[in-house]
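As structure tokens, the structure follows; a few thoughts come after it.
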Amino acid sequence: MHELNLYGQVTYPRYEQVLNILAGVAAMQPQRVYERRIIYKPLREPEEPGANLGRRGGTQTVAQKAKQQAAPVVLYYTYLTQKLTEDDFFAQDSVNSLSAWVEDGEEPVWSQAFYDVPDTGDRGVSIRFTNTTDLLSGDPHAHMIASGPNQFVTEFYEEGYRFVHGNVIIFLHRMLHEPGARNIQKSPKVKIPAWADLQLVDPSGAYVFDATVRVEDFNNAVVLEAGVNELKKFQTQMKGCVNLALPDRLALDTRVKYKPSPAPATQARPR
Amino acid sequence: MMDSLGSVTLRPWPAPQEELSQEDLLFKIEQLASERGHLRNITEQSLQEDIDAGKHVPEATVEADSADLDEKEKDAPSGQDQRDKVFKAAQEMYSHLEWAKFAATNALDLVSLVLSQDPNKRSLTFFSPNFRDQGLNQGIPFGSFGISRENHEHHNRRPEEVQRMQDLEHRQKVVAQGARMGALDSAVDEILKAAKHLEKEMRRETKYWHEIVSVSDKGWPIQRLRQNARHAPFAVRYGLPEASDHFKARGFAPLQMDKDGSIILDPTLALKPKTFRVRVSVDGNITGTSQLSVEDDFANQSLEKSIQLARDSLLEEELYYEMSLEVRHLLAYGVDFRDSVIYVDAPRLGNASQDRKLLIDCIPRNDPVAGGQGHEHDWLARNVAEALRLLLAHEHSMRLYRRSQLPPPLTARTREKPPPPLLRTLLAVIRHVEGVDSLYVYLGLVTKTLYTAGLDVALNTTRETAWASLAETLKASRKDLSATDQLLEIFMKPFDGKATLTLPTSNGVQPETLTVVTRTIIGQPTFGTEHKLTLSSAMTSDLGLFHQHKFATVEEVKSYLDWLISLHITHRLLKSEYSSYAQIRSQDPRLTVRCKESKKGEPSLKDIKVQLNDGQLKATLMAADSPPESDDAEQSHTWSGPDDNAALREVIRNWVG
């Protein structure tokens, strides 16, 4: 699945007005959304560029020449998303472990998400590959640690409002985190912290305006074009209310920066 | 001198070193002469002295220029101003002289021309040369200019002339006055007219706004219009927000301004409102209708009322429209569409011979209710109509709900909107209730009969499992859907009825259960009502039958259950009672028992046949190995009602001994 994105910003004094406008545009009431997002970093060493070429013997090199074009393996940060409700922040009951278990037919609560770096093409919207896998049972954190192997990086919370306008998903949200707790944490909190303990990452209270169209048949030009056009149409529709802009591609980079640990002396380049 | 000075300053400094041409050299010499005097007096030393003394222009040359300017030398800062002054004075003097000359010649020419009237005094020499050239030679004749002297002071007009002039003056005055009065008059008229118009407009606007406000106060959304804003600045939106596209577009009407400001209804609003009618027909006779007689007059009713009627009409029309589309898929279910009327089969419980149908159509609201028809089924027609309306309203709110969910990612396949299940739901309810009820009446009868026959049978029926647990479902309500919608959503799902029949067993410890699940779906996979009979595992193994059976009609279930229960009684209950004496010889519900009744001690074989039919239990004793169809019963007993108290086991024991 691919995601087409446009971003904007809504300052706190304006957000109520924008909510009203969006409710009119989408002809629906806003849906309150609470989410917890946990970031994982892969622990695996990425394969060294060119390591797969087989430099051992002459004959082997000849045989494997076709493989030389393979791109070096890059590692990406991945997300774990937990859907929350407002009650979760006030729940008093103590739980012992995380569980993604849901009843049949219920919406999954936990999901694992992968976002690629946005495409380089210039279509006026940001396009990137994403993959979301719903987790239906088990401890999601254990799953993430085992499949990778991954390392817990940090967690944060998102609260906001969602609208659906045709195929455009409008998500007006802001990020919260628990101050101080981040550095000492080694795993996601089992108990959701109280709402009062959370702090906005952006203290001004501004909301992020995220307009998304999801495209399944990315290779079908007609479908992609339709998606891009719908998003752009929404962009023009919102002109004067919220300025929707194409984000900087590298600001949305999800790759893990690779630092080879033992740097050989010969590789030190004179400056 | 001034020119030459100017040209010096304009020169680039230092002067180019190039060789001066001859003209340039001459020019320089001239310049030098005018500035410094004769060439001979100019030496390097004298120039140096001049520079040291701060003098640009040597005094000597100024002195040499004119002696009488010497006194003014102190006032004038430089010789140049002096020269300017002189030049100007000379020019002024020259122009004065020119002027004087011009005036003199003019005077001369004039006098000469006047004099030239006299032929004796005609001569070209009298004139100035200029006039001679440009005047006389160009054709001005002599004597063409005359001078005379007259006295006008004592000129008196004649009296009649004076009179006439006074008359004229007077008349003009009167005319002017009249014209002014006329203009004022018409101005007053115009202003009055404008005032009247303004007043009318004001009244009109006030009335229009009053009506707009009253419409708006009633809660109708008012919207501004862009086109035709002069006559219809506002429009009212009365259509339901989630109606299908065609009807949504119709739910909108401009509010036009009348001559007196009242709102004229747009044609769409003024259209005859329609209503949706359900009629019940039994054997071709109408026995009930949902239509209510409407006596109010459409011409003079309030605006809000007619907007409301238009809204209602829109809903009814949409309902009818959606159903007529749905009919196309439902022909196999006995739904028919003829002459704009939808015919739906609605068989009645236990009365299969009666041909009961629902007739659904859409008629103008104020059509008179047809007389001469029965009213005993009015309740049914009204309930069906209300149910269908509720279903469409539910569909509307479900449309909003679906729209609010995250849309699936875009693909090449377009998402198709399924038509709302209105008739399907109606059909499913009718069929399910009919099927379940007839089955359960039968099961109840069987239970009663078996009970009177001394068999411990229990029946537990649920017409629809979701309806039964409705309260619990709604209590644990979801936040995103209102209770009404959750309630109606239950009707969109397949209907499941469940009946459990508990049969006695020989040891009496573990009762055997028969479960009949009745599932109704108008569509895949059952295409109607399906009865699924589930046997207990002991029964399955003892009788050698399949664990599950599916039946399409109630009749099939009945006959199978009849056979199954009689088989259970004979092959399991009676067999275990007479375990060693009994023998099963066929798949029919009959048991061959060795009787002890013969006194010789030779046992005779008798067959006991048990039949369950239409709620009647019949046990027959007959000779062994008689053909199944034979009627030569030696003894028989029939249980058909509660009044019989003989237990089956007792009866058979009496027979068998």
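Since the model is a prediction, treat every value here as computed from it, not as a measurement. We use all heavy atoms of the structure for the numbers below, so side chains are in, but hydrogens, waters and symmetry mates are not.
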Most heavy-atom pairs under 4.5 angstrom with chain B, which of A/M1, A/H2, A/Q31?
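Ranked by contacts with chain B, first place is A/Q31.
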Taking atom [atom1] of [X] as the centre, does the number of heavy atoms from other residues, nucleotides or ligands within less than 6.0 Å exceed 12?
| X | atom1 | answer |
| --- | --- | --- |
| A/F114 | CZ | yes |
| B/Y321 | OH | no |
| A/Q237 | CD | yes |
| A/W195 | CH2 | yes |
| A/K233 | NZ | no |
| B/H329 | NE2 | yes |
| A/D122 | CG | no |

Engaged part of [X] at the chain B interface, taking heavy atoms whose separation is under 4.5 Å:
| X | answer |
| --- | --- |
| A/N220 | side chain |
| A/V222 | neither |
| A/A27 | both |

Donor-acceptor check, side chain of B/R403 to backbone of A/M28, threshold 3.5 angstrom: yes or no?
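No, because the side chain of B/R403 does not come within donor-acceptor range (under 3.5 Å) of the backbone of A/M28.
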Between [atom1] of [X] and [atom2] of [Y], what distance do you get to the nearest 0.5 Å?
| X | Y | atom1 | atom2 | answer |
| --- | --- | --- | --- | --- |
| B/L410 | A/N167 | CG | CG | 4.5 Å |
| B/R413 | A/E216 | CZ | CD | 10.0 Å |
| A/F171 | B/L406 | CZ | CG | 10.0 Å |

Taking every non-hydrogen pair under 4.5 Å, which of B/A412, B/S404, B/P408 racks up the most with chain A?
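Answer, by heavy-atom pair count under 4.5 Å with chain A: B/S404.
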Side chain from CB out, backbone as N, CA, C, O: work out which of these in B/P241 comes under 4.5 Å of a heavy atom of chain A, or both, or neither.
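Neither part; nothing is under 4.5 Å.
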